[in-house]
Each structure stands twice: as C-alpha cells, then as structure tokens.
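Heads up: the structure comes next, in structure tokens.
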There are 2 protein chains.
Amino acid sequence: METTIHEVAQRAGVSTATVSRSLRGRSGVSLETAKRVREIAEQMGYSASPLASRLASGHTRTVAVVLPYLDRWFYGEILGAAEPILRGAGLDLLLYRVGDAEARHAHFSFQRLRKRVDGVLLVTLGLTDVEVEALRALGVPVGLVGFDVEGFESVRIDDVAAASTAVQHLLNLGHEQIGLICGNEEDQSMFTVARDRRFGYRAALEAAGIAPDPDLEISADFSAHGGLKAAAQLFGRRRRPSAIFAESDEMAFGAMSLLHRLGRRVPDDVSVIGFDDHPMAEVLDLTTMCQRVAEQGRLIAVRMVAALDDPRGAGTEPIHLAPELVVRKSTAARHTTRRRAPPGALYAKKAG
Amino acid sequence: METTIHEVAQRAGVSTATVSRSLRGRSGVSLETAKRVREIAEQMGYSASPLASRLASGHTRTVAVVLPYLDRWFYGEILGAAEPILRGAGLDLLLYRVGDAEARHAHFSFQRLRKRVDGVLLVTLGLTDVEVEALRALGVPVGLVGFDVEGFESVRIDDVAAASTAVQHLLNLGHEQIGLICGNEEDQSMFTVARDRRFGYRAALEAAGIAPDPDLEISADFSAHGGLKAAAQLFGRRRRPSAIFAESDEMAFGAMSLLHRLGRRVPDDVSVIGFDDHPMAEVLDLTTMCQRVAEQGRLIAVRMVAALDDPRGAGTEPIHLAPELVVRKSTAARHTTRRRAPPGALYAKKAG
DNA sequence: TCGAGCCCCGCAAGCGTTTACGGTCCAGCA
DNA sequence: TGCTGGACCGTAAACGCTTGCGGGGCTCGA
C-alpha cells in the first residue's frame with residue numbers, strides 16, 4: 001500500500017541506500033544482498049515513487065508530446081507510432097495540446113515544461129524564433145515532426161516537392177485549371193505545411209507555364225468539413241477547375257463529398273488528388289501523396305530515445321522521407337466522355 | 001533558468017513559506033506582500049517545480065488516460081474532447097496505451113499509477129475483477145468510457161439497444177440475411193462493446209423471428225481494413241447477406257470498399273449500416289448509429305474534474321447517452337431493381 | 001495600562017528518493 | 001604483524017517544495 005523504501009530497507013535489514021542501489025542495479029552491493037533485497041521488494045509489492053525518485057535524481061523519464069490537435073488522423077497516427085517506442089524505453093508521455101490561443105503564449109507554455117520532462121516532441125507546429133529559443137533554453141533534446149530547426153532532431157518530408165509532384169500528376173493528365181484546397185497559413189500549427197505545399201503547387205504550375213490564379217486557392221480547415229466548404233467556394237464561381245489538389249486526404253474527402261452533392265462525377269468531371277494516404281483513401285480510391293505518417297512518428301521517437309540515452313549526440317542530421325505518388329481512381333485525363341450515371345450508382349461496380 | 005523558490009524568497013525578502021503561500025493563493029499572507037511576491041516571481045520567470053511541489057503536497061494534478069489505441073478515430077475523438085476540460089482545470093494528461101500483451105499484466109500496470117496520478121480515465125477497456133480491485137486500491141477517482149463499474153464515474157451508451165435499433169432498421173427494409181461484422185470478443189480492449197453489440201444484433205433478429213446464423217457473424221479488427229477482410233469472408237460463401245451491420249463506421253467503410261471491388265452496389269445490391277457517425281460517414285453517405293463520441297469524452301472529463309474537486313462525491317450515477325439512428329443512403333429496401341453502372345461511375349452524379 | 005486575540009510571517013520538519021562520501025572489514029602482500 | 005586497497009554498506013545531505021506550529025507585533029476593549 002504505502003510501502004516506502006524505508007520499510008523495505010528495514011525488512012531487509014539494510015539501509016535505504018542499499019535498497020535503492022539494489023533495485024536500480026547500481027554497483028556497490030554484493031550480488032546476494034542485491035538479490036535478497038530485490039526479492040523482498042518484489043514480495044512487498046514495492047516500487048519507488050517516481051515523484052521522489054525524479055526529484056532526487058534530476059531526470060524525469062518523461063517526454064512531452066506537443067501537438068495542435070488530438071482528434072485528427074495525422075496526430076493519432078504519429079502518437080500511435082511513437083508511443084510504443086517511447087514506452088518501450090521506459091518513458092512516460094505527457095500530452096500537451098496547444099491551440100491557436102495558447103500558441104501566442106507558447107513561450108510561457110514551454111516554460112511550463114522546465115524541470116518537468118526529459119525531452120520534447122513537437123508535431124507540426126510553426127515556431128517563432130522566440131519559441132525556438134525558449135525550447136533551446138529548456139536544455140533537453142527536442143524532436144520535430146514536419147519541419148526542422150538547426151540543433152533539433154527532426155523527421156519530415158519535402159512538402160514542396162511532394163506538392164509539386166501531385167500537381168504535376170494533374171498537369172500530365174491535361175488539367176490546367178487546378179484548384180487548391182490549402183491550409184490556413186495564419187494557423188500557427190500548420191504554418192510550414194500549408195506554406196510549403198502551396199508553394200509547391202504554384203511552382204509546378206509556373207514550371208508548366210501556367211500563372212497561378214489566386215481565385216483557385218481556397219484556404220480551409222485541415223478536415224473533411226473544411227475541404228467541403230472550400231470546394232463549395234471553389235465551385236460557386238464562374239471559372240471552375242477541372243481538378244483539385246487538396247493538401248490533405250481529409251480535405252479531399254470533403255471536396256469529393258461536395259462534388260457528389262453538386263452532381264459532379266469524380267474523376268469524369270473533376271479529378272481530385274489528396275495528400276497523406278489516409279487509410280480511407282484506399283476505400284475511396286483517392287489518388288494521393290503517401291507520406292508514411294506512422295513511419296515519421298516511429299523515427300522521431302527512435303531519435304528521441306537515442307538522444308536521451310546519449311545526451312551529447314544532439315543535432316544529428318534531419319531525416320527527410322520521400323513521399324510517393326499513389327495513383328488510384330480519383331484522377332483521370334481531362335475531357336473524358338461524359339456519361340450520365342443511373343440513379344443510385346454512387347457505389348457502382350467498376351468497369352469489368 | 002534554475003530559479004528556485006529560495007531565490008524568489010531572498011529577492012523578496014521573505015521566507016519560502018510566504019512565497020509558496022502567495023503563489024498558490026493560500027491565506028496567511030497580506031494582500032500587498034502576496035502581490036509583491038507574485039510580481040517578483042513573475043519577473044524572475046519563476047514557476048514551482050511540479051515534481052517537488054507534488055512530492056511535498058501529495059497530489060499530482062495529473063490524470064492518466066488509459067486506452068487501447070491511439071491511432072483510431074474513436075480514441076482521438078475522446079482525447080480531443082477531454083483534453084481541454086482537463087487542461088482547463090490545470091490537470092496534466094499522462095498517456096497510457098495498453099495493448100493485448102500488457103492487458104494481462106494490467107494489475108501490475110495499474111500499480112504503476114500509484115502515487116503518480118490523481119485520477120484515472122479508462123476508455124473502452126474490458127476489466128477483469130482483479131483489475132477493478134487494483135483500480136479501487138489506487139484510492140483515486142476513476143472515470144470510465146464505454147462501460148460502467150459500481151463506484152466509478154462513467155459515460156456510455158446502451159450498445160445493446162443501439163445495435164438492435166440498427167438491425168431493426170435493416171429488418172424494416174425487408175432484409176433477412178443480415179451479416180454482422182463484429183469486434184473480436186477475445187480482445188480485452190473492446191470486450192464489452194463487441195459483446196453488447198453482437199448481443200443486440202442477435203436480439204433484434206430473434207425478436208423478428210429470425211434465427212441468428214453464426215456463419216453471418218464475422219469478427220474482425222475495429223478498422224477499415226478489418227471490415228474489408230470480414231466482408232471478404234462474408235461474401236466468399238454461398239449464402240450471402242443482403243445487408244451488413246458493421247459494429248463501427250470504419251469497419252463499414254472497409255466493407256463498402258470490398259463490395260465495390262466485388263462489383264456489388266450499395267445500397268442497390270447490399271445495404272450497409274455502421275456505428276459511430278464518423279465524420280467520413282457523411283461523406284460516404286453511410287447510414288449509421290450516432291453515439292456522440294466527443295460528448296462522451298467531454299462528459300467524463302467534466303465528471304473527473306468534479307470528482308477531483310470534491311473527493312467525497314464519488315460514485316455518482318453513470319451517464320447513459322441515447323444513440324440515434326442517422327439514415328443516409330447506404331441502406332435501402334431489399335430487391336431493388338438491379339442495374340449495371342457504366343464504367344467509371346463510382347463517384348457518379350446523383351440522379352437528377 | 002494590560003491582556004486577549006488576530007493577523008502575518010518564519011522555522012523547520014517533512015515528502016520519498018538518490019548519491020557523494022566515508023567507514024568497516026577482510027584479503028593479500030611485504 | 002602491519003599496512004594498503006578494495007568490496008560493501010551506512011550516514012546524511014541534497015532535491016525543491018508545502019505546511020503545521022508558534023512567535024512577534026498590533027488592535028481593541030476594559
């Protein structure tokens with residue numbers, strides 16, 4: 001129940017120092033004493049109070065995971081992949097969600113991590129310079145997903161290149177009016193991602209000799225609902241695109257939903273390409289850029305554990321994963337013969 | 001940097017006790033002294049070490065969230081809804097994922113929470129009696145999502161009734177061969193959910209005078225992929241159902257994907273009903289049972305905060321939310337006229 | 001003027017560990 | 001036998017707070 005190290009020491013007839021040493025495998029204790037102490041502790045159901053242990057030893061065996069959303073696929077995937085690695089290394093996970101409001105006070109926010117965690121994992125957060133400095137001042141390893149900062153561990157993909165690849169795929173299919181459903185660049189949390197992908201989109205267009213049209217770029221929430229609203233805006237205008245590049249699969253799903261409601265067929269009338277390779281993308285036959293999210297989560301966790309084991313090994317090279325175009329059935333050449341589908345054919349049989 | 005309470009005390013010309021009292025708003029300090037101390041602390045960028053504070057005070061202002069998966073929609077939703085409430089009450093979130101392997105040692109696992117957290121939130125975990133006892137022994141408030149246990153706070157829906165409602169909907173449409181894609185009851189983590197929904201399924205059939213056919217019940221992973229595999233099994237047999245009830249929307253999506261691959265139209269050839277009201281359900285026009293997941297997460301967090309504020313208020317009544325049938329376009333009456341869809345009509349225009 | 005009572009505040013004892021330091025004991029060597 | 005050194009182990013000082021207890025000063029009523 002309330003077993004303390006003293007009780008174990010008393011029961012074993014040794015000092016608390018010996019108990020502590022025995023239990024954590026430190027030297028300075030004879031093998032037989034250590035064994036006996038361990039048995040007694042086990043039998044008493046004793047385990048050291050992490051609080052006291054941390055206070056005394058100075059390190060917390062805890063890492064903070066800081067992210068902007070918990071209820072979105074991407075973050076769950078990262079969390080799910082990182083957790084086993086971290087837990088496997090005996091580390092605890094402290095969850096911090098920073099919304100837009102708090103982002104302003106992020107400096108203060110990070111301050112709260114002081115003496116609280118041994119490492120910090122940031123997932124797709126656009127950091128200001130002062131925030132970066134605040135992080136550095138923590139004096140603990142920092143891991144980043146989705147962007148990189150000098151001196152911090154990081155895993156990411158090349159969003160610019162990936163976006164260009166996606167758009168190039170559409171260009172190759174003969175599309176010229178290509179709508180973009182992009183993240184809000186004002187949104188601190190997705191800053192780099194939204195900016196980079198939009199940049200890649202424009203770059204690909206320009207390389208093809210097409211001037212980017214601001215009217216074709218709609219910013220929205222990184223969600224199906226956001227994608228739906230953005231698509232509604234896109235198709236409520238005179239000049240409608242023949243293809244859409246959505247910066248996330250979920251946005252793409254929303255866009256497809258809207259197209260469906262408008263009676264536009266995918267890919268016959270409009271091609272749609274997403275970004276992520278969300279599990280549902282396969283279900284919906286969505287062409288997308290696969291960015292192996294789980295792998296990113298796994299890798300940053302591995303890096304974090306390594307950095308914790310060997311504190312002097314800070315600042316290894318950023319890991320850049322190569323996204324891959326996954327072609328499915330939501331993209332097609334422009335000017336396909338248009339046919340009316342019969343009622344209820346939404347989930348119709350593929351052409352035999 | 002390394003500012004301790006002593007430094008603040010020294011700078012303010014008072015004792016550490018006064019600093020502590022001022023900062024945490026305890027009585028016994030004059031208003032002006034408290035104000036001055038607070039200002040100095042603020043200006044020095046001081047914040048108390050949570051570790052030391054906890055050791056001394058005895059409570060941790062931390063709650064553990066224990067769940068079986070991190071990379072699934074349901075859990076992200078719960079987490080996302082509970083987090084703001086908890087954080088708003090000044091509580092930290094410690095994340096514990098318990099897989100199947102660890103579930104066996106859950107007693108030991110919970111033991112690790114001792115003296116570590118002020119409260120525990122369990123999400124859809126099938127608990128054995130000894131695990132329940134281990135939890136009780138922790139002596140802290142426990143909150144449950146998805147099932148309830150005497151003496152613990154809990155939020156859930158009536159899975160049996162909800163499943164029956166779903167099946168009844170199919171029965172009303174004239175279906176008699178109704179396949180079930182259900183969770184694995186061996187899976188500790190989803191024990192109650194899988195069992196209850198299967199029970200509700202059978203009950204509805206029996207009430208309609210139809211004998212449940214074990215061949216029509218396929219257990220699978222609670223995921224799109226699991227649903228796909230289960231559906232493949234279901235439709236690889238001689239007697240094929242005319243409708244499917246999937247115990248989760250994600251399973252339903254997988255099933256729809258398979259049906260699509262097999263060339264079966266939804267709902268013309270096969271009706272599909274899911275469970276959850278996943279955001280994507282709207283996109284895919286999936287008929288489903290809405291169980292307001294976020295609301296469940298929010299409510300259990302509120303209960304937890306209340307229990308923490310008022311320790312003697314343990315064991316209030318369980319909250320039972322009423323699921324609601326949301327009819328969309330994936331279910332239809334049996335024996336619809338069958339029509340071949342033209343090629344590429346997967347995302348076809350609705351009949352005008 | 002004196003005592004009671006209250007308001008502030010400091011003292012110091014924890015909270016349950018870890019760990020630097022030093023002591024004891026015995027083997028081994030001269 | 002005397003001394004050195006190493007293996008074990010205990011003592012006690014942190015770690016950075018919180019908080020019960022008590023003391024000093026001031027107000028107020030008699």
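Everything quoted here is computed from the prediction, not taken from an experiment. Numbered from 1 within each chain, the chains take letters A, B, ... in sequence-line order.
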* To do: Can you tell me the distance, in whole Å, between the CD atom of A:Q10 and the P atom of D:dG10?
  =>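 After rounding, the reported distance stands at 13 Å.
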* Tell me what A:T33 touches on the nucleic acid: a base, only sugar-phosphate, or nothing, going by heavy atoms under 4.0 Å. => sugar-phosphate
* To do: Please report the C-alpha distance between A:E131 and A:L125 in whole Å, then the side-chain angles of each, then the deciding distance to 0.1 Å, and finally whether the side-chain contact (heavy atoms from CB on, under 4.5 Å) criterion is met.
  => CA-CA 10 Å; A:E131 290 170 339; A:L125 289 173; over 6 Å; no
* Structure fact -> Which of A:V145, A:L135, A:L67 passes side chain to side chain contact (heavy atoms under 4.5 Å, CB included) with A:L122? It is A:L135
* Between B:R54 and B:D118, is there a side-chain N and carboxylate O pair less than 4.0 Å apart? ->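 Salt bridge between B:R54 and B:D118, a charged N being under 4.0 Å from a carboxylate O: no.
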* **SB check A:K35 A:E39 (cutoff 4.0 Å)** => yes
* Asked: Just how large is the angle between the end axes of the helix from C:dT1-D:dA30 to C:dA30-D:dT1, five pairs per end, to 10 degrees?
  ->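 That helix has its two terminal axes inclined by roughly 60°.
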* Asked: Does A:Y69 have A:R72 sitting over its ring (NZ/CZ under 6.0 Å from centre, angle to axis within 45°)?
  -> yes
* Asked: With the sugar-phosphate defined as primed atoms, P, OP1 and OP2, and the base as all remaining atoms, what B/S/- string results for nucleotides 12-27 of chain D, 5' to 3', for protein heavy atoms under 4.0 Å?
  -> ---BBBBBB-------
* Side chain to side chain, B:L79 and A:L95, heavy atoms closer than 4.5 Å ->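 Counting from C-beta outward, B:L79 and A:L95 do come under 4.5 Å.
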* **Intermediate values then yes/no, side chain to side chain donor-acceptor pair (under 3.5 Å), B:T124 and B:Y75** => CA-CA 9 Å; B:T124 67; B:Y75 301 94; 2.6 Å; yes
* To do: Applying side-chain contact (heavy atoms from CB on, under 4.5 Å), run through A:R156 and A:I319 and close with a yes or a no.
  => CA-CA 6 Å; A:R156 58 166 297 181; A:I319 300 178; over 6 Å; no
